[in-house]
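Worksheet for the structure shown next.
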Amino acid sequence: MISPATLSLDYAAAVVHTLEQEMAFNPKVFVYGEGINDAGAYLNSTDGLAASFGEARCFDVPNCEDALVGLGIGSALMGYRPVFVSLRVDFLMLAMNQIINHAARWPAMTGYQVTVPLTIRALIGRGWGQAAQHSGALYSMFANVPGLEVVLPSSPAEGAGLLLTALRSDKTTIVIDDRGVFGAAEDMPSVIEPIPFGKARVARAGTDVTFFAISSMTRFALQVAEAVSASGISAEVLDLRTARPLDKETIRASAARTGRVAVFDIGWPGFGLSAEIARVISEASVLQRPLLSVHRRDEHTPSSAFLEDEHYPKLDEVVHRVKTHFS
Amino acid sequence: MISPATLSLDYAAAVVHTLEQEMAFNPKVFVYGEGINDAGAYLNSTDGLAASFGEARCFDVPNCEDALVGLGIGSALMGYRPVFVSLRVDFLMLAMNQIINHAARWPAMTGYQVTVPLTIRALIGRGWGQAAQHSGALYSMFANVPGLEVVLPSSPAEGAGLLLTALRSDKTTIVIDDRGVFGAAEDMPSVIEPIPFGKARVARAGTDVTFFAISSMTRFALQVAEAVSASGISAEVLDLRTARPLDKETIRASAARTGRVAVFDIGWPGFGLSAEIARVISEASVLQRPLLSVHRRDEHTPSSAFLEDEHYPKLDEVVHRVKTHFS
Amino acid sequence: MNVTAAVALECLDRMVVIRAVEEGICAEYSHRNIRGPVHLSIGQEAMAVGVLNVCREDDVAVSTHRDHAHYLAKGGDVGAMIDELYGLETGCSHGYGGSMHLFSREANFMGASAVLPGSTPVAVGLGLGCKLDGRGAVAVGFSGDGAADEGSFFEALNLAAVLRLPVLFVCENNGLSTNTPLAARQAQTDISAKARAFGLVAETAEGVDVFAVRDAAAGLLHQVRSTSQPAVLALTADRLCAHVGPVSKVAALNPQTLLDEAADPGSRDPIAFCVGVILRELPELRGDCIDILREVPLKVAAEFQRADAAFEDRNKTAGLVAPPPPKVHTV
Amino acid sequence: MNVTAAVALECLDRMVVIRAVEEGICAEYSHRNIRGPVHLSIGQEAMAVGVLNVCREDDVAVSTHRDHAHYLAKGGDVGAMIDELYGLETGCSHGYGGSMHLFSREANFMGASAVLPGSTPVAVGLGLGCKLDGRGAVAVGFSGDGAADEGSFFEALNLAAVLRLPVLFVCENNGLSTNTPLAARQAQTDISAKARAFGLVAETAEGVDVFAVRDAAAGLLHQVRSTSQPAVLALTADRLCAHVGPVSKVAALNPQTLLDEAADPGSRDPIAFCVGVILRELPELRGDCIDILREVPLKVAAEFQRADAAFEDRNKTAGLVAPPPPKVHTV
Ligand SMILES: Cc1ncc(C[n+]2csc(CCOP(=O)(O)OP(=O)(O)O)c2C)c(N)n1
Ligand SMILES: Cc1ncc(C[n+]2csc(CCOP(=O)(O)OP(=O)(O)O)c2C)c(N)n1
Ligand SMILES: [Mg+2]
Ligand SMILES: [Mg+2]
């Protein structure tokens with residue numbers, strides 16, 4: 001059977017497809033996670049891997065995040081390319097000693113004689129009343145740390161290409177799978193090509209204002225851009241793709257060109273993405289207008305559907321803010 | 001014996017003095033840490049507490065950071081005011097599940113019906129070849145998180161007043177004791193007064209440029225300010241004191257006044273203090289000159305005295321950068 | 001059965017309340033006014049009720065993602081819990097907690113963590129608080145067998161033992177973490193034996209029999225309270241429901257079905273088991289049992305109706321869009 | 001003693017190399033060209049040498065803050081280690097690691113973590129790598145008794161057991177974590193018993209006798225290698241030095257002193273103990289022992305001189321200010 005040149009896949013299928021492609025290509029790649037081979041586990045993003053490659057290359061493990069990251073570091077030091085899947089980024093808090101003190105630092109500690117090519121996928125996302133402990137977007141604490149790469153794909157095709165780069169990267173890479181980008185399908189080449197880290201994508205061209213977005217907020221930013229175009233505001237939307245490395249050049253060039261910027265973040269404001277973008281811009285140039293940051297409320301996520309709704313930015317309100325702020 | 005109105009204390013003695021004052025005043029306060037009652041433990045910053053208050057109120061514990069923070073959270077929920085002392089902030093990575101998912105979130109999870117008045121002191125600091133795992137300044141990952149307070153005193157008197165506020169605060173507070181502020185003594189009132197969080201201190205008045213500094217970098221910034229004053233640059237030095245809450249008003253007012261800012265940070269640049277300050281400024285006003293950030297290199301600390309020396313900002317170089325950048 | 005008639009009925013009543021609330025969730029969930037993950041305790045009610053029935057009111061408890069039974073057995077208000085499930089401000093956590101973070105200051109139910117094994121270290125701190133308070137209260141920390149995969153679980157046990165804190169760690173072993181069996185996660189599955197190796201007093205008991213749980217818990221609580229040393233109670237029972245979501249695997253509460261099922265002394269349904277023990281040992285309580293089985297569900301159903309109406313009312317101003325049909329979330 | 005003359009002398013030689021390097025550190029430290037915390041292994045040499053002497057070259061090892069003995073016993077280069085202490089680019093970690101992060105790719109010494117119990121989970125991953133490689137190599141993870149306070153230590157043991165990984169966890173119990181005794185930190189101090197409760201094969205052996213360590217390690221390594229199941233070896237010895245800093249509590253290496261001390265079969269100095277065993281069981285090796293004790297320190301001293309000169313040289317361009325007199329850091 002000849003496979004078609006283009007496939008239409010949703011995020012989960014795109015992740016599975018990419019893992020299958022790379023696992024077939026590179027026998028050093030393997031995947032593991034808590035309950036990983038359960039039906040529907042990880043929102044279907046590991047479906048069928050065990051069937052295709054055997055349970056030796058896609059295996060279930062006990063609940064022990066710290067040891068599980070250690071498992072990845074040690075095998076990575078031996079030349080393997082482990083992929084640890086964590087159902088929620090919040091659960092990685094149990095593994096911070098291994099991630100920050102070990103995965104990120106082991107290369108430095110040896111004078112850069114070793115690499116730790118470990119990939120950690122972790123889900124984040126809003127909705128369904130999961131409250132404070134199950135909806136965190138704790139990615140900026142990783143993005144602060146040298147030695148790590150932090151990736152936040154905005155769509156299925158982006159997820160595929162960026163994951164492939166993670167799998168091939170020699171650094172420990174945290175790939176944040178945002179529930180907000182699951183669901184809808186998108187066309188992509190059947191042979192996935194890697195998308196380089198640190199290169200933002202122009203999701204929409206524009207001249208008056210730049211929207212820097214990441215993860216599921218890219219779609220949100222595009223919606224805002226559409227909405228304000230009617231008022232004569234031409235917004236450029238940049239999908240940053242990776243929070244570390246960050247595409248400083250593109251950020252600065254676009255900011256210099258439009259002189260007006262807004263940041264669309266999935267996390268908290270303080271020491272977060274809008275802060276980092278402000279730094280990147282402010283270190284090189286000046287703005288004509290104050291920076292606008294769009295982000296979840298600076299508090300832990302409530303469970304109630306009513307409160308949760310208020311926790312996240314609302315399209316109408318943001319559209320209104322953008323209009324008054326920049327026009 | 002009448003105690004003098006003013007005492008001259010170094011940082012460790014100031015911390016001990018503050019703890020003694022508050023432990024005498026409030027029987028709910030107790031202190032614990034690994035090896036806490038060893039001679040010279042924690043750079044002498046717990047000296048004599050067990051002798052004064054008994055080992056029930058200053059006790060040694062096993063090496064188990066996660067459980068130790070849990071110990072603090074649980075007793076705080078019962079109305080106590082525990083103080084956990086960690087020799088290095090890096091070791092708190094083992095306790096991130098308790099700190100981020102529990103201490104910071106328990107109030108939110110209950111709809112703010114409880115508070116977690118826990119104080120965690122953790123040392124950071126450069127020097128003595130301690131390499132990557134013992135010299136981290138991992139405070140910005142705490143400052144990203146609602147529900148936490150993050151305090152970085154710049155001197156003995158500041159350490160005393162800010163610690164007192166931490167001990168009385170109803171939130172979980174991380175107090176970062178920077179080795180760079182130990183050593184020299186400073187005068188302070190013998191009865192310590194609390195210093196409010198979120199209020200920056202003008203460490204030096206100036207008109208041309210604002211230096212935002214924190215922790216031991218305040219002294220460094222003052223030295224730079226002195227050095228550039230000879231070239232006719234009048235620098236205001238603001239000691240931010242707390243990274244969360246941050247004194248947005250003062251930051252914005254000073255930035256608006258001078259239009260030129262530099263940030264003197266003890267941590268890494270990405271998603272760090274200079275990022276956050278850039279955000280705070282950019283959200284309200286514009287700069288006349290690009291923001292300058294002074295920080296350790298964006299890599300893990302090497303051990304070698306030669307390499308370590310290059311890892312941290314050098315006075316001469318920074319003075320040169322400030323002169324060319326702002327004049 | 002080592003209890004008075006009143007206590008026997010009290011235990012049954014509490015279990016039926018828990019079951020009725022969870023059956024209410026199953027019934028109402030598809031209407032999509034309850035929005036959020038729910039981890040039911042169907043099959044596990046006897047563990048919560050047995051332990052907490054012999055606790056003092058001023059003993060403090062903390063729980064996990066599967067906290068309904070613990071909250072209710074500790075004396076948490078039924079209506080406030082249901083309001084919480086509906087996301088109302090009148091909920092026991094003011095709408096911030098939802099199913100996984102129930103809280104009741106009055107009942108000394110100090111909350112629940114949905115991250116493993118997060119509430120276990122917190123229980124150690126509660127134990128320290130109890131000890132410092134000096135009033136003889138004990139902290140009870142509930143966890144599952146999956147939490148005992150995590151290193152922090154044992155770290156907490158050791159710390160409590162070293163500091164001699166009055167903590168009863170109750171590990172509810174349903175043999176599963178989501179769908180992964182215990183033997184695939186722990187090379188040695190005897191959790192009490194591990195606790196003993198860490199220097200704690202530890203026992204294993206059958207968790208389907210509320211009276212056996214009660215006896216085991218009473219013995220350990222007495223030790224914990226009198227010696228100020230922690231103990232572990234490992235209980236085994238079956239999760240007769242999905243890991244998460246409104247899926248029960250037992251027949252709905254109904255006096256006749258339960259009386260039939262109660263005839264089987266090997267039943268794994270703790271309510272049928274309890275009824276069976278009562279009928280065999282105190283047959284004169286048959287009528288009381290039937291009353292409980294009949295009346296409790298009615299009262300609970302009324303609470304759901306009230307809360308559902310309040311949700312609709314509240315949503316008139318909020319105008320939330322109904323979510324898509326509930327998917328079975330695996331975790 | 002269950003070894004050939006050659007192996008006996010090899011073990012002694014390795015221990016003397018370790019001791020000589022650490023005595024060199026003590027001698028040179030006050031000159032302040034070695035800048036950084038040093039955790040010596042004086043008193044603990046037999047544990048490192050006994051275990052690693054029976055390892056294969058392709059077995060991989062990781063260690064802790066107290067890593068000198070492990071690095072050297074695994075075959076790490078002496079000169080490269082000393083250069084590392086002096087912060088030179090020629091150091092085994094190119095000056096990035098220092099005393100606590102020695103590394104040798106050639107010796108399959110994969111590094112060391114100075115955060116508890118950080119290298120233990122890493123050892124589990126190395127074990128997985130060994131298993132996947134399928135060449136019969138084993139991962140050896142060294143830790144102290146203080147690391148076994150931490151939950152993550154047991155989590156790692158369990159994971160290795162569940163996944164059936166070839167890992168030998170060597171827990172060097174010197175009874176202290178900085179200055180806090182084991183009994184003040186663990187309610188039950190038998191670390192092997194805990195490991196067994198987690199389903200691992202575990203043994204305790206005397207860590208002062210290099211030959212006893214060797215035997216115990218050989219037995220466990222054979223099991224680990226042939227069954228691909230992890231094991232724990234808990235060893236006891238005394239730390240005859242400060243926790244950190246250049247403070248030795250034994251007499252400096254000297255043939256006569258050691259021969260005298262060797263007469264005491266209860267000596268806690270592993271080198272004296274080893275010499276004693278050799279003299280009693282293979283008295284014809286007396287001359288070889290004396291040669292080792294005399295010559296090794298000279299060779300090592302020459303390396304210090306070379307490195308010290310290189311430091312001075314390098315500092316001509318760097319112009320580092322001499323640090324204040326070394327303070328005794330407690331951790
Ligand atoms: C640290 C962490 N890892 C993974 C999860 C996902 N998770 C939620 S519930 C659960 C099962 C836990 O099993 P157990 O402790 O036995 O409780 P049970 O669900 O059986 O009551 C898992 C793995 C989590 N909540 N926290
Ligand atoms: C997580 C963590 N907590 C605390 C420390 C501080 N610390 C450094 S060495 C040490 C003692 C460890 O004892 P042990 O594991 O027995 O090793 P030993 O020093 O006895 O060789 C401690 C507590 C640390 N390095 N890491
Ligand atoms: Mg379970
Ligand atoms: Mg020790």
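Per chain, numbering begins at 1; letters A, B, ... match sequence-line order. Bear in mind that the values here come from a model prediction, so they are computed numbers and not experimental data.
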- Begin from the C-alpha positions of C/Asp58 and C/Asn108 and carry the test side-chain contact (heavy atoms from CB on, under 4.5 Å) through to its verdict. CA-CA 6 Å; C/Asp58 65 345; C/Asn108 284 314; 4.3 Å; yes
- Over 60° means perpendicular and under 30° means parallel, so classify the ring planes of C/His243 and C/His65, tilted if in between. tilted
- With salt bridge (Lys or Arg N to Asp or Glu O under 4.0 Å) as the test, would you mind laying out the steps for D/Glu206 and D/Arg268 before giving the verdict? CA-CA 10 Å; D/Glu206 172 56 67; D/Arg268 300 298 288 169; 3.4 Å; yes
- Turns out that what part of C/Phe154 lies under 4.5 Å from chain D's heavy atoms comes down to side chain
- Message: Please determine whether side chain to side chain donor-acceptor pair (under 3.5 Å) holds for the pair C/His68 and C/Ser99, giving the CA-CA distance in whole Å, both sets of side-chain angles, and the decisive distance to 0.1 Å.
- Response: CA-CA 7 Å; C/His68 300 173; C/Ser99 158; 2.8 Å; yes
- Between D/Arg185, D/Gln188, D/Glu150, which shows the greatest number of heavy-atom pairs under 4.5 Å with chain C? D/Gln188
- Item | Which atoms of D/Ala156 approach chain C - backbone, side chain, both or neither, heavy atom under 4.5 Å | neither
